[in-house]
Visitor: 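Got a structure for you, questions after.
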Amino acid sequence: MARAKYFLAAAFLVALAIFGRRYHWIEAANTAERDGFVDKAELILHGQFPRDALRPPLYPLLAAGLAPLLGGPFVAARLISNLAACGLALLAFGFGARLRNERVGLWSLALVLANANVWIYGEQVTTDMLFACFAAGALLAGLAYLGRPSARTALAAGVAYALGAWVRGNAALLLPALFLAYFLAPRARASGRLLGGAQAVETAEAGGTSGEAAGGRSPAHLGFGVVAAVLLLVPLWWLRWRNFGSPFYDENWRNLWWKLHAHSDWSLLDRAPRTSFGRIVLDEPTAVGASMLRELAKFPVGALPDLVGGWWCVPPLVLAAVAAIRMRSRDRLYLWFALGTFTLGVAAVFFTWGRFMLLWSPIASALSIAECHRLAEKVAARRGGRWGISVGAAASGALVALTFASTAFWQLPRFVRQHPYAEVRALTPVDRELGAGDALAGTAWFLQRYFKHHYVRLPDDTSLVGVGEDRIWCEFERLFRSEHVKYLAVSEVELRQGPRGLLGGGETPVPPWLELVRKDPQVTLWHVLEAGSAPRAQGPPPCP
């Protein structure tokens, strides 16, 4: 079965690479790719280090390092996400095998491979998948230590935690579970037995994977894990000190302030008043608590179904939670504690959006599949039959099939439609016609790499909220004149709250300095006329 899991992971990597090359050669609209990790990698390649007070630098560093080998930082960043998605699937195998057996591990891996979130975030050039892979690896190491304490598993937990902290600051939310794994692990041997070992042994239903410890927990193990994490984090702390004057400097409190006060206007994020997490909590405890409860209430009906594969995967997950409590299974309760504390922390400081919660996918898949097999074998044992494995496999197969169908026929096609391919294709021919000093404009982000002339992106839609349309047109005209823009491409997937007249429907007038070149269902191309050459026509009044 070890060969099977690696074969499936390798096949998945090839599928992701082909899908990404065909459909994700440009950043998707309205995603976290707007954080600009590829741009940060390009800065590194040009000898500058990105000064980012919100995000640790491992992802752009890796992308920059691989870029010369792979043809550019975008392809490198996408490959990193591909590899992290494969790692997440292999970790699902590890969770399933530890909860029950390798057969459950393979079904858990298959359920993760069928999950649309794993496909989509396994393509996007963001930190989401890489962090989920390291975070899940840390928790799997904690689970392994809980069942079989050793220096190796403690070291693995420390390394995985530190790598996660190099990707995102919320890796700190993993610490309660990792320390719990240490303190719940069986103690050292006495008279040939583990002290507390009887309680450490999982029931026979779990296949004897827990409690087979050759030794017990040791302060040396804890030291190995902590020292490994600290040694790996020292360079990060040095970079923070060099750039911001403090090794532990972090401005993620801006996200909490934005959540409480910005009303979804991203333009206010950089204008947040200087404060800290502690000060926000002390000054506004009611608001922080209320926002946390709202996020916790939204999570089960919002992000969770997609994280586990679909609504059909939720009932076995609920049964798994009930069984963990009734069986008093340390392994299962540990995993639920880890998921619970991580989710609680994310809900407190920001939003429980799916991309922040990818850690759930391998663990929830393993818990659900393990519960399907446990129930099937339990019923079969009561009836004296031998078909428990077959029924468990049939239930697991049904979950995988439904999840894959949803991914292939609904979620991935929707993801493909989010890309502004049409803007690139519309502007490419006119890019060849422009003279020196002329520019192109569009609504999509990060298009400069596709053109030889300067590319100007329209202002982000959040800065347009509450602004009169006449003023918006004036701002656009000033921008176009100052940048010498000759053509403008507009796609609906990127326009969002911008003036609808830019889509060329005719219902809303546009300024006379915009001349329609062509319009199709995906994109509208405009020619920006020279000042003073625009014909008289109905439209917004001239700018003052």
Side-chain angles (χ1 to χ4, degrees), residues 88 91-92 94-100 108 131-149 153-154 156-158 160-161 164-165 168 170-187 196 199-203 205-206 209-211 213 217 221-222 225-226 229 292-293 295-297 299-300 303-304 307-308 314 316-349 352 356-371 374:
L88 198 72
L91 291 168
F95 285 112
R98 288 207 161 267
L99 288 175
R100 194 154 194 86
S108 302
F131 174 77
C133 181
F134 288 143
L139 294 181
L140 181 59
L143 181 65
Y145 188 88
L146 184 64
R148 190 181 183 94
T153 50
Y161 167 77
R168 276 198 189 151
N170 62 356
L173 300 176
L174 303 171
L175 290 176
L178 295 179
F179 282 109
L180 182 69
Y182 172 77
F183 288 110
L184 288 184
R187 289 174 290 174
Q199 291 79 17
V201 178
E202 188 68 54
T203 63
E205 296 174 329
T209 57
S210 297
R217 71 172 186 258
H221 297 167
L222 183 61
V226 171
M292 179 183 70
L293 293 176
E295 287 304 307
L296 291 175
F299 177 68
L304 181 59
L307 289 170
V308 299
V314 174
L317 185 63
V318 173
L319 292 175
V322 174
I325 297 172
R326 293 186 61 185
M327 294 166 55
R328 298 181 182 178
S329 165
R330 287 202 315 173
D331 285 357
R332 290 166 173 80
L333 289 174
Y334 164 75
L335 291 177
W336 280 110
F337 175 83
L339 291 174
T341 52
F342 183 80
T343 304
L344 185 68
V346 172
V349 299
T352 53
F356 297 131
M357 313 303 293
L358 290 173
L359 173 64
W360 274 79
S361 291
I363 300 175
S365 296
L367 287 166
S368 299
I369 295 293
E371 185 61 15
R374 188 189 74 83

Visitor: Any side-chain heavy atom of L139 within less than 4.5 Å of one from Y334?
Guide: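 Yes; the side chains approach each other to less than 4.5 Å.
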Visitor: If every non-hydrogen atom of G96 is compared with every non-hydrogen atom of A366, which pair is closest and at what distance?
Guide: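 Of all heavy-atom pairs spanning G96 and A366, the closest is N-CB, 3.5 Å.
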Visitor: Is there a donor-acceptor contact under 3.5 Å from the side chain of S361 to the main chain of L307?
Guide: yes
Visitor: What heavy-atom pair brings E295 and T352 nearest, and what distance separates the two atoms?
Guide: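 So the minimum-distance heavy-atom pair works out to OE1-N, 2.9 Å.
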Visitor: Show me the donor-acceptor pairs, under 3.5 Å and distance only, between side chains in residues 340-348 and residues at least two apart or in other chains.
Guide:
residue : atom : partner : partner atom : Å
T341    : OG1  : F337    : O            : 2.9
T341    : OG1  : A338    : O            : 3.2
T343    : OG1  : L339    : O            : 2.7
T343    : OG1  : W360    : NE1          : 2.9

Visitor: With a 4.5 Å limit on heavy-atom distance, are the side chains of P186 and P149 in contact?
Guide: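 Counting from C-beta outward, P186 and P149 do come under 4.5 Å.
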Visitor: Do R100 and I369 have side chains that get closer than 4.5 Å, going by heavy atoms?
Guide: no
Visitor: What pairs with S368 under side-chain hydrogen bond (donor to acceptor under 3.5 Å, both in side chains), at least two apart in sequence or on another chain?
Guide: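 For S368 there are no side-chain hydrogen bond (donor to acceptor under 3.5 Å, both in side chains) partners, ignoring immediate neighbours.
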Visitor: Using 0.5 Å steps for rounding, measure from the CG atom of L359 to the CZ atom of F131.
Guide: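 The CG atom of L359 sits 7.0 Å away from the CZ atom of F131.
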Visitor: Do the non-hydrogen side-chain atoms of W336 and L367 ever get within less than 4.5 Å of each other?
Guide: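 W336 reaches L367 side chain to side chain.
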Visitor: For F134 and L174, what are the C-alpha separation, side-chain angles and deciding distance, and is it a side-chain contact (heavy atoms from CB on, under 4.5 Å)?
Guide: CA-CA 11 Å; F134 288 143; L174 303 171; over 6 Å; no
Visitor: Quick one: CG on L180 to CG on L146, what's the gap to the nearest 0.5 Å?
Guide: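 If I round to the nearest 0.5 Å, the distance is 7.5 Å.
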Visitor: Where the side chain of R330 meets the backbone of L184, is there a donor-acceptor pair that is under 3.5 Å apart?
Guide: yes
Visitor: So which atom in Y145 and which in A185 form the shortest heavy-atom distance, rounded to 0.1 Å?
Guide: CE2-CB, 3.6 Å
Visitor: Measuring only between side-chain heavy atoms, which start at C-beta, is V349 closer than 4.5 Å to N170?
Guide: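 Of all side-chain heavy-atom pairs linking N170 with V349, none is under 4.5 Å.
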